[in-house]
Amino acid sequence: MKIEEQITALRDELRQHNYNYYVLDNASISDYDFDIKLKELQALEKAHPEFYDADSPSLRVGGEVTKNFKTVPHTFRMYSLDNSYSKEDLEDWEVRVKKMVDGEVTYACELKYDGASMSLTYENGSLVRAVTRGDGYRGDNVTANVKTINSVPLKLKGDYPELFEIRGEIVLPFDGFNAMNEERIEAGEEPYRNPRNTASGSLKLQDSSEVARRPLDCLLYSLVGNKLPVKTQMESLKKASEWGFKVPPVAKLASSIDEVLSFINYWDVHRHDLPYETDGVVVKVNNLQQQEELGYTSKAPRWAMAYKFKAEQVSTVLEEITYQVGRTGAITPVANLQPVELAGTTVKRASLHNADQIEKLDIRVGDTVFVEKGGEIIPKIIGVNLELRPTDSQPTEYISHCPDCGTELVRNEGDAKHFCPNEEGCPTQIIGRIQHFISRKAMDIEGLGGETVALLVNEGLIKNYADLYTLSVADILPLERMAQKSAENLVDGVLKSKEIVFERVLFALGIRFVGETVAKKLAKHFKSIDALMAASFEQLIAVDEIGDRIAESVLDFFKIPTQDLFSEMPQGETHREVIERLRSYGLQLAISEEELAGQTDTLNGATFVVSGVFTKVTRTELKKLIETNGGKVSSSISKKTSYVVAGDNMGPSKRTKAEDLEVSIISEDDFLAMIDK
Ligand code: AMP
Ligand code: ZN
């Protein structure tokens, strides 16, 4: 085959798999095989730049950096929608519509997706422009970023018009949103508030490869252009879907407002089963000829009407505000509520985020507050019912001292949160850091749990994570409910953790903003803790994806404190001293020789789940082999799993799941053969 044909064939094939997975939600290839083919394409494209194609699926990974987003005019204005809240509102609207048009009126009912609105322009089947709504007349050109969103087709199929625009919504599904937040919390960062703002914020990121990593989705709902080959809204949805767009299949034709209402009532309940946020229904006059006759008011089409769902919301009494101290010292105010049923669960607590938020909403103890819960994990307080405010109510005074250790709190410029600066002496911080250190993704110390850590600290047996390595069975046996066996397991688990690879040790240290991914990057780049500790600000930010904030935090962590001559307080161990101790206990503070030597990318991109008992290697070794050969280890089987490595006694539920998802199950020997061992 000629090179050009080979490239075209690969592009077509990858485009089809991409479509199957992201638009149809029906995978036709494993992630692993997809990655192999993508790599093949990338290599060919690199060797043959003459066959460059702006629509190539290889461009999904991003890379283009936009410093300033250009504001561009919309060819067709992006209007807003009029809102309705009741049956009467909709009936009034129908009366107005019927006065203006002849003939029968039917309605296309769609969901109102809550994301960032977007206008995409296609020319000869290629995406040429993606523009945000902006003020409706002009928006920002975010094409490079939108191209990385997998469900946005770069090239269309079928009988599409030569030039047209299609509009829709960029959304961040709850799953992806919550996963992003878990990672942020783990790295000591403030979680994102809601999927919508995170979606629109993502579109304005400068580095498109960063956007590519965010699990954004794009749902389309309207065609715009001159002389389009469609007569009704329902038909345009059907066509758009045939051309390769992701058009949610829920749209329905209604022949009366009563039918519209049953659509609304159905989705008011079932929207909670959807993977992304919706905030209502959009009802559109189906006939495009009639739409044209109806035209627009100064801000919205007369032919469409949004119906806003009442947000799943309840009111309850705020009984108390308590303050939580995180392992990095960040203070989070928590609303303790009179328990109330909301979206199927009992809610007792809600996050109040920070002092500004409390002040902005003027939230006070004793207030009746409105609580809302979307698909996010944490319910939120969105307002106060002032009519029910008790007459003796007092404004909330934010705490000035740590609830745990009494130290005066600080708030750094630019930070939303207050911090307890008493890193060395604040019990919650001490315990939190050690709990983070032993957690599964960090040192994964078996036989030691979060409660035991608290007990060990409270009993004065340990002050920091390095002390774990000095514990003996005799030390811990006297602890409450500690049996000989569990004491031995604990000491054993601690001992075993000395084999944990450097990048995970680095993550375990708990440096602010250094989550799992950042730790990996730093470990790969600097190769040892010594090199990292010696790195300057410039050297740190020179690493791919390490920004100012992370660099500063790393420098701060390793800084040598100036001795305060006048202070009579004994200084605790510095981080550098703790690290020296860890070194003396034998922890991995550098990428090991074998890791360096054995590092391959044979398994690049493949995700493995390990299950059962193995004979030739231990589970830990097996996982290490996967990682040193470029693969990823995951704990649960999903569509994204490339292989399950099954040992003896693999759990039956895991097997069924793997079979259901058609994930290949391989033996220990198969695996070792794969990496040539
Ligand atoms: P609003 O921002 O409340 O004025 O509502 C108008 C916005 O709703 C539009 O700009 C779209 O971004 C959004 N929207 C979400 N789903 C739909 C839909 N199915 N049809 C039309 N607009 C929608
Ligand atoms: Zn404190």
Side-chain angles (χ1 to χ4, degrees), residues 74 76-85 107-120 131-137 139 165-171 195-197 199-200 203 217-224 233-234 236-237 240 245-252 260 263-264 267 271 274 276-286 291 296-301 303-309 311 323-332 399-410 417-433 457 572:
H74 289 294
F76 300 90
R77 180 173 158 196
M78 287 181 86
Y79 285 88
S80 154
L81 290 168
D82 283 332
N83 286 322
S84 60
Y85 301 90
Y107 304 98
C109 304
E110 296 163 27
L111 289 176
K112 188 165 188 293
Y113 310 102
D114 202 10
S117 35
M118 181 56 52
S119 181
L120 308 174
V131 184
T132 63
R133 177 158 101 170
D135 63 4
Y137 297 99
E165 273 181 49
I166 185 161
R167 289 179 180 170
E169 208 80 2
I170 308 279
V171 298
R196 182 188 356 112
N197 293 351
S200 55
L203 295 176
D217 206 346
C218 179
L219 311 170
L220 282 320
Y221 48 69
S222 97
L223 291 180
V224 181
Q233 169 64 10
M234 292 302 284
S236 19
L237 294 178
F245 292 103
K246 185 160 186 172
V247 178
V250 303
K252 230 177 146 156
V260 170
F263 181 90
I264 291 173
W267 283 108
R271 67 193 167 111
L274 293 170
Y276 34 70
E277 215 160 10
T278 52
D279 62 346
V281 163
V282 184
V283 192
K284 299 171 182 170
V285 169
N286 189 40
Q291 285 193 5
Y296 297 82
T297 66
S298 61
K299 67 172 260 283
W303 45 264
M305 186 57 86
Y307 181 97
K308 293 269 180 151
F309 290 133
Y323 298 84
Q324 269 176 2
V325 190
R327 73 172 158 89
T328 54
I331 307 290
T332 305
I399 48 165
S400 56
H401 290 75
C402 176
D404 219 29
C405 69
T407 307
E408 189 170 351
L409 300 178
V410 294
K417 290 199 161 176
H418 287 70
F419 279 84
C420 165
N422 182 16
E423 238 176 88
E424 297 303 324
C426 187
T428 317
Q429 290 187 60
I430 296 173
I431 293 169
R433 279 197 302 266
V457 172

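No experiment lies behind these values; they were computed from the predicted model shown. Just so you know, ligand 1 is whichever comes first in the structure, and atom 1 is the first atom listed for that ligand.
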- Task: Would you indicate whether Tyr137, at its atom OH, is surrounded by more than 12 heavy atoms from other residues, nucleotides or ligands within a distance under 6.0 Å?
- Result: no
The answer for which part of Leu81 has a heavy atom under 4.0 Å from ligand 1 is both
Practice prompt. May I ask you to decide whether Asp279 forms a salt bridge with Arg271, counting only side-chain N to carboxylate O separations under 4.0 Å?
Written response: no
Going by the 4.0 angstrom heavy-atom rule, the piece of Arg133 near ligand 1 is side chain
Interatomic distance, CG@Asn286 vs CG@Leu237, rounded to 0.5 Å, equals 8.5 Å
Query - Short N-O contact, Lys284 and Glu110, less than 4.0 angstrom - result: yes
Counting heavy atoms under 4.0 Å, the part of Lys112 that contacts ligand 1 is both
The answer for which part of Lys308 has a heavy atom under 4.0 Å from ligand 1 is side chain
Discussion item. Test your reading of the model: is there a side-chain donor-acceptor pair from Glu165 to the backbone of His74, 3.5 Å cut-off?
Written reply: no
Q: Look at the rings of Tyr221 and Tyr113 and say which category their plane angle falls in: under 30° parallel, 30 to 60° tilted, over 60° perpendicular.
A: parallel
Residue, atom and distance of the protein heavy atom nearest atom 16 (N) of ligand 1 read Tyr113 N, 3.1 Å
the protein heavy atom lying closest to atom 20 (N) of ligand 1 turns out to be Lys284 NZ, 2.9 Å
min-distance protein heavy atom vs atom 12 (O) of ligand 1 -> Glu169 OE1, 2.6 Å
* When you measure from the side chain of Glu423 to the backbone N and O of Gly329, does any donor-acceptor pair fall under 3.5 Å? -> no
The option among Met118, Met78, Lys299, Glu110 carrying the non-hydrogen atom nearest to atom 19 (N) of ligand 1 is Glu110
The SG(Cys420)-the Zn ion (ligand 2)-SG(Cys405) angle, to 10°, is 100°
Between Leu111 and the options Leu219, Val282, Val281, the side-chain contact (heavy atoms from CB on, under 4.5 Å) test singles out Val281
Problem - Short N or O distance, Leu111 and ligand 1, threshold 3.5 Å exclusive - result: yes
closest protein heavy atom to atom 4 (O) of ligand 1 is Ser80 OG, 2.9 Å
Ranked by distance from atom 17 (C) of ligand 1, the top protein heavy atom is Tyr221 CE2, 3.4 Å
